[in-house]
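Read the structure below first, then the notes.
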Amino acid sequence: MGGTEDERRRRASRAFPRLPAADEGPPPLEDLLAGVARGDERAYEAVYDQTSGWVLGVIRKVLRDPAQSEEVMQEVLLDVWRSAARFDPALGSGTSWVMTMAHRRAVDRVRSERSHASRELRSASAVIDYDDVIEAVQASLDRERVQHCLVSLTPLQRECVNLAYYGGYTYREVAELLGVPAGTVKTRMRDGLIRLRDCLGVE
Amino acid sequence: MASGDSELHTLVGAYVMDAVTEFERAAFSRHLTSCPECRAEIRELQEAAARLGTAAAVLPRSELKGQTIRAASRISQLPPATPAPGRTWRRLTALPRAALMAAAVLAASAAVLGVVTQHTMQQLDHSQRQNHMIAAVLNAPDVVILTAKVSTGGTATVMMSHSEHALVFTAHGLRALPAARSYELWLMGPHGDRPAGMLTAEAGGMAGPAVVSGLTPGDMIGLTIEPVAGSRQPTSAPIVLIGHGNN
């Protein structure tokens, strides 16, 4: 019996020599990114596993189109490979670094689409859709937490954050959509995010 | 910019959520270099915004993993940024090199990524190169931002960097032109008038960003109305002329 357990452990450590045992959780993204910066393809694979769902998720929210979203997701992941040496943990977490790139790319893409198509403003979804989200325990815990915190915002703060982050609109477009002065939208975006930060307890 | 700084600071939330235009992003990034408190605030708010993103996670199709990893293995990696960005950024992102690098990376991913069509790649190639040039101008230590009224209607804004020998031109509220006429940009200065590209005004008279390279000392950027095919030399007086005298 002990033999099979040993055997399993040996096989697992051969498959993932750099990863700690499963109960210690995955290695921190920051460490993996440092590996990617050195050209470590195995670290890159682990980064892909850890982040591709997040990246595709945020892009899908902004872009909607599934095929284009996959394309942009791949661009972002290739950017992660290419520029991992530029990641500086002193400036923020690995998650924040990857998500900032993903969101910016999605927004760039959706804006160029919108300027090609008529500048028609579509309605952004009010809250997170539950249809196609990952059914993993950690992911659904995260989602519930964020959802809970979004509900703690004032309705205007929530609308501003939703339209900007998930809709990809500029604060001026949001002001136009909501019929509220642009200055008000700017401050609601800021204090909405501050409240979200406090509620989520991120540093 | 004196009156603009506290005004700029309220942009923190919009900036973190990419709810700003390219110009506002550039102006705000410049503001950040002199505002350590803003950088700390941005860092925290970026972490919060990232959670909005990760909460929307979906499972990618499994084929994408192999494709992406194979594509990455053929793309060369960038060296680390050096620690004094203000001083070294310009050298790191010298225009031709950045453009070449972008082109090389795109060529590599085009060869490998089955999902990306030829047409999309060409668009990306162009827009990515343009983005690199815009980034180089906007982040140059000597960039100046100048705005002027267009005599026939609208406003033009130029971000100009002599160290990058380039500028970025945008306009809004430009008058719609008859089908046979078009807007054309010119570099106008001691070296004569050189055509700097046609400018298409879209809905609402929005135009640009147009990247103009080959800027030499003393040059200004001018806009004229020309026959739709463009001209070799301006055939009418500029409806706006922007530059700064001391260079």
Side-chain angles (χ1 to χ4, degrees), chain A residues 37 39 41 44-45 48 52-54 56-58 60-61 67 70-71 73-74 77-78 81-86 91-93 95-96 99-100 102-104 107 112 115 118-119 128 132-134 139 142-143 146-147 161 164-165 169-171 174 186-187 189-190 192-194 196-197 200 202-203, chain B residues 7 9-21 24 39 41-61 64-65 67-69 71-73 75-81 83 101 105 108-109 113 115-117 120 123-124 127 131 202-204 206:
Chain A
E41 293 189 14
Y44 182 63
E45 198 175 329
Y48 182 96
S52 57
W54 299 338
L56 182 60
V58 69
R60 278 280 288 270
K61 287 294 288 183
E70 288 185 349
E71 200 179 299
M73 178 206 86
Q74 291 187 308
L77 265 300
L78 291 177
W81 165 260
R82 204 163 61 92
S83 53
R86 304 278 165 97
L91 301 178
S93 70
T95 307
S96 162
M99 294 309 281
T100 301
H103 189 258
R104 197 165 296 172
V107 165
S112 81
S115 68
S118 63
R119 297 179 63 82
I128 300 164
D132 53 6
V133 288
I134 288 185
D142 275 1
R143 202 157 56 236
V146 168
Q147 192 71 66
V161 167
Y165 194 83
Y169 292 106
T170 65
Y171 72 89
V174 172
K186 268 197 283 189
T187 46
M189 283 180 179
R190 181 178 176 210
L193 275 183
I194 289 174
L196 200 60
R197 171 198 70 190
L200 290 167
V202 290
E203 309 128 20
Chain B
E7 169 77 16
H9 190 77
T10 61
L11 214 56
V12 167
Y15 174 85
V16 164
M17 293 192 289
D18 299 310
V20 291
T21 61
E24 288 161 336
R39 289 200 295 273
E41 183 174 346
I42 292 226
R43 187 200 142 133
E44 291 177 1
L45 296 188
Q46 257 167 355
E47 300 290 344
R51 297 286 296 274
L52 289 171
T54 57
V58 295
L59 204 55
R61 287 189 297 122
L64 298 178
K65 180 174 172 179
Q67 278 179 15
T68 310
I69 289 173
S73 69
I75 291 178
S76 55
Q77 295 180 292
L78 296 174
M101 204 154 16
V105 168
S109 29
L113 287 177
V115 295
V116 183
T117 65
T120 322
Q123 280 184 336
L124 278 177
S127 73
N131 283 344
E202 296 177 0
M206 302 291 290

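In what follows, every chain begins at residue 1, and chains take the letters A, B, ... in the order their sequences are listed.
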Quick check on the interface: out of [options], who has the most heavy-atom pairs with chain B under 4.5 Å?
options                              : value
A/Ser93, A/Ala84, A/Ala67            : A/Ser93
A/Tyr44, A/Trp81, A/Tyr171           : A/Trp81
A/Leu91, A/Thr95, A/Leu196, A/Val174 : A/Leu91

Separation of [Y] [atom2] from [X] [atom1] (nearest 0.5 Å):
X        : Y        : atom1 : atom2 : result
B/Glu47  : A/Leu193 : CD    : CG    : 12.5 Å
A/Leu200 : B/Glu44  : CG    : CD    : 12.5 Å
B/Met17  : A/Met189 : CE    : CE    : 5.0 Å
B/Ile75  : A/Arg82  : CD1   : CZ    : 7.5 Å
A/Asp142 : B/Leu52  : CG    : CG    : 11.5 Å
B/Thr54  : A/Met99  : OG1   : CE    : 5.5 Å

How close do [X] and [Y] get, counting heavy atoms only, and between which atoms?
X       : Y       : answer
A/Glu41 : B/Ser73 : OE2-CB, 3.7 Å
B/Leu78 : A/Ala85 : O-CB, 3.6 Å
A/Ser96 : B/Ala50 : CA-CB, 3.9 Å

### Message
Using side-chain heavy atoms (C-beta onward) and a distance below 4.5 Å, is A/Ser83 in contact with B/Gln77?
### Response
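A side-chain contact is absent here, since even the closest heavy-atom pair is not under 4.5 Å.
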
### Task
Would you confirm whether A/Tyr48, through its side chain, and B/Lys65, through its main-chain N or O, come within 3.5 Å as a donor-acceptor pair?
yes

### Message
What part of A/Ala164 gets within 4.5 angstrom of chain B, counting heavy atoms only: side chain, backbone, both, or neither?
### Response
both

### Task
Return the option, out of B/Glu24, B/Gln46, B/Arg39, with the maximum number of heavy-atom pairs under 4.5 Å with chain A.
B/Glu24

